[in-house]
Amino acid sequence: MAEEILQEGPLRGLDVSAYAPELRELLKKANEDCIEIENYRLPKHAEPSPSNMKDGGSRYFFGGQYSILLRNSLFPSPIGKNGVGKILGYSFGYELFVVPIEDLDKHAGMHPLVSRVWFVTSERIREIEQATTGDLQKRMPPLEKYYRLVPVEPESKEEANKPAQTTPGS
């Protein structure tokens, strides 16, 4: 079999011909998705998770047997004299896990196969988000695909109308 060495991306130099056909395709797709993120585009093979993280806009993308965390986290300045910092920009990049989504939950300490994160200004993040928002919305799967939504019936009307408990003991 002829060598098939990846020429770019995080798996650059890997001879994928040494692997079984299904693993070879997985590695090539995951590598291409990371290249897309390096070029400020959405992964083209992996499907976006319907939920955002609370760190500025990071999002998981699921590609069957691999997962990519598109890292988009706030990068604050050191706190100033008045105790308030400001956002300098974002850490942006990817973390590639060669496991299905189910395994990410099972193994909390799992580390990415490869990762690359760099600094991006707030202005550039706005440009990236404007360029990718339409594509992201078109490709967004229904929430039910990844989250099981179950209605919860309150015991009584009084229970349903009680305010939510905001802190323990309140």
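Counting begins at 1 with the first residue of the sequence. These numbers come from the heavy atoms of this one structure, side chains and all, not from hydrogens, waters or symmetry mates. Predicted model only: the values in this text are computed from it and were never measured.
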Pair F97-Y60, side chain to side chain contact (heavy atoms under 4.5 Å, CB included): steps then yes or no = CA-CA 10 Å; F97 299 86; Y60 270 106; 4.2 Å; yes
Those residues at least two apart in sequence (or on a different chain) that pass side chain to side chain contact (heavy atoms under 4.5 Å, CB included) with S51 are S49, Y147
Can you list, pair by pair, the side-chain donor-acceptor contacts under 3.5 Å of residues 29-36, counting residues two or more places apart and other chains?
| unit_1 | atom_1 | unit_2 | atom_2 | d |
| --- | --- | --- | --- | --- |
| N31 | OD1 | L11 | N | 2.9 |
| N31 | ND2 | E8 | O | 2.9 |
| E32 | OE1 | H45 | NE2 | 2.5 |
| D33 | OD1 | K44 | N | 2.9 |
| D33 | OD1 | H45 | N | 2.9 |
| D33 | OD2 | A46 | N | 3.1 |
| D33 | OD2 | Y66 | OH | 2.6 |
| E36 | OE1 | R41 | NE | 2.8 |
| E36 | OE2 | R41 | NH2 | 3.4 |

Please answer: with hydrophobic residues joined when any side-chain heavy atoms are less than 4.5 Å apart, are V117 and L113 in the same cluster?
-> no
Please round to the nearest 0.5 Å and tell me the distance separating atom CZ of R12 and atom CG of L6.
-> 10.0 Å
From L69, V114, L27, I37, residue fulfilling side-chain contact (heavy atoms from CB on, under 4.5 Å) relative to L96 = V114
Taking atom CG of L74 and atom OG of S91, what is their separation to the nearest 0.5 Å?
-> 8.5 Å
Between atom NZ of K138 and atom OG1 of T133, what is the distance when rounded to the nearest 0.5 Å?
-> 11.5 Å
T121 side chain to G89 main-chain N or O, any donor-acceptor pair under 3.5 Å?
-> no
Separation between OG (S115) and CD1 (I68), nearest 0.5 Å, reads 12.0 Å
When rounded to the nearest 0.5 angstrom, what distance separates CD in Q7 from CD1 in I5?
-> 7.0 Å
Applying salt bridge (Lys or Arg N to Asp or Glu O under 4.0 Å), which residue pairs with at least one partner in residues 13-23 are found, sequence neighbours left out?
-> none
Please name all residues satisfying ring pair (Phe, Tyr, Trp, His ring centres under 6.0 Å) with F92, sequence neighbours left out, ordered by chain then number.
-> Y40, W118
Hey, is R116 close enough to E95 for a salt bridge, meaning N to O under 4.0 Å?
-> no
Side chains of V98 and Q65: closer than 4.5 Å at any heavy-atom pair?
-> no
Salt bridge (Lys or Arg N to Asp or Glu O under 4.0 Å) partners of R139, counting only residues at least two apart = D135
Only distances under 3.5 Å count here; give the side-chain donor-acceptor pairs of residues 125-132 to other protein atoms, sequence neighbours excluded, each with its distance to 0.1 Å.
| unit_1 | atom_1 | unit_2 | atom_2 | d |
| --- | --- | --- | --- | --- |
| E127 | OE1 | R124 | NH1 | 3.2 |
| T132 | OG1 | I128 | O | 2.9 |

Using the test side-chain hydrogen bond (donor to acceptor under 3.5 Å, both in side chains), find all partners of Y90 that sit at least two apart in sequence or belong to another chain.
-> none
P10 and Y94, any side-chain heavy atoms less than 4.5 Å apart | yes
Who pairs with L136 by side chain to side chain contact (heavy atoms under 4.5 Å, CB included), at least two apart in sequence or on another chain?
-> L42, P48, R59, F61, M140
Members sharing L88's hydrophobic cluster, built from side-chain contacts under 4.5 Å between Ile, Leu, Val, Met, Phe, Trp and Tyr, are F75, F119
